Amino acid sequence: MPSIDVCYSPELLHLYELKGKAVVAVDILRATSTMVAAFAHGATDIIPVMQLEECRGYAEQGCLTAAERNGIKAEGFDLGNSPFAYMDGNVKGRTVAITTTNGTRAIRMSEAADEIIVGAFLNLEAVAQHLRELQLDVLVVCAGWKGKFNLEDTLYAGALAERLQDDFTFENDATLASLYLYHAAKHDMVSFLRQSSHVQRLENLEIHKDIEFCLQHDTYDVLPVWKKDRLVDISLEVRKLES
Ligand code: 3SL
């Protein structure tokens, strides 16, 4: 049986072997939730980058550019990091280059893995089903906040562990702790997260509806996977093969 393990921060990645593994990169509030929403609303591919300047450069190649720092849309970019900004047909058929404080960093720091999948509660079952088929050991890489632990990404790791518990072994206590936290939180995640640092940060920016949206389970079946230098939605390929 393959295993599932959880890395609570990209700063801890040096403790893990990524080769031979599938990484699920997660930044529930809000980067990976927003990427999933962008694919669900027709984005063709997403280029996650670490630096603002690099991201800005993609405008010359005809990409939409998106940037967030400390929860706020960075000046001079087409889009910020709210999932609702990607829903009015504006990203359909477009490539989006995006940089965020933590989420895009977690993705790019995982490049040594055999596969990188973008996870969110919004596409939880699509990711779980893909991992059951892939049969690789899994490492959930939580984006955290500036190198530190956060609750919402840990809850996602617990939710994924719950979905996979019959088909995967738990590699260590990080997976168990995530699962126990998820059990404690899952019936009312909005309340459970009320005291958490990033929810408080976002509430100060008055984006409560983003928080509620990002905590919804199984809204979309998109499956963003890293291919060469960008993320693409491979659920489209799977659907083509099945039809
Ligand atoms: O840190 C990140 O990558 C962002 O998702 C943070 S925020 O939700 O846009 O504040």
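Just so you know, ligand 1 is whichever comes first in the structure, and atom 1 is the first atom listed for that ligand. Please read these numbers as outputs of a predicted model, since none were measured by experiment.
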Check ion pair [X]-[Y] (N to O, under 4.0 angstrom):
| X | Y | value |
| --- | --- | --- |
| R69 | E75 | no |
| E53 | R56 | yes |
| R194 | D188 | no |

Go through ligand 1 atom by atom and flag the ones less than 4.0 Å from a non-hydrogen atom of [X].
| X | answer |
| --- | --- |
| W145 | 1 (O), 6 (C) |
| A31 | 3 (O), 5 (O) |
| G71 | 10 (O) |

Which residue holds the protein heavy atom closest to atom 2 (C) of ligand 1, what is that atom called, and what is the gap in Å?
-> D27 OD2, 2.9 Å
Which residue holds the protein heavy atom closest to atom 9 (O) of ligand 1, what is that atom called, and what is the gap in Å?
->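 The answer is N81 ND2, 2.7 Å.
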Short N/O distance, under 3.5 Å, between L202 and ligand 1?
->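 In fact, backbone or side chain, L202 has no N or O that close.
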Considering distance alone, does some N or O of T100 sit under 3.5 Å from an N or O of ligand 1?
->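 N/O-N/O distance under 3.5 Å: yes.
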Should I46 and P224 count as side-chain neighbours, where that means a heavy-atom distance under 4.5 Å?
->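 The answer is no, as the side chains (C-beta and beyond) never meet within the 4.5 Å cut-off.
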Aromatic centroids of H41 and Y86 separated by under 6.0 Å =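 No, the ring of Y86 stays outside the 6.0 Å limit from the ring of H41, centre to centre.
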Proximity to ligand 1 by part of [X], non-hydrogen separation under 4.0 Å:
| X | answer |
| --- | --- |
| T101 | both |
| N102 | both |
| E68 | side chain |

Note: heavy atom closest to atom 5 (O) of ligand 1, options R105, K146, R69, R30, belongs to R30
Heavy-atom count around Q51 CD within 6.0 Å, excluding the residue itself: above 12?
-> no
Would you indicate whether F84, at its atom CZ, is surrounded by more than 12 heavy atoms from other residues, nucleotides or ligands within a distance under 6.0 Å?
->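 More than 12 within 6.0 Å, yes.
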Passes side chain to side chain contact (heavy atoms under 4.5 Å, CB included), R30 versus T100? Steps please.
-> CA-CA 9 Å; R30 294 163 292 171; T100 68; over 6 Å; no
With a 4.0 Å cut-off on heavy atoms, does H198 reach ligand 1?
-> yes
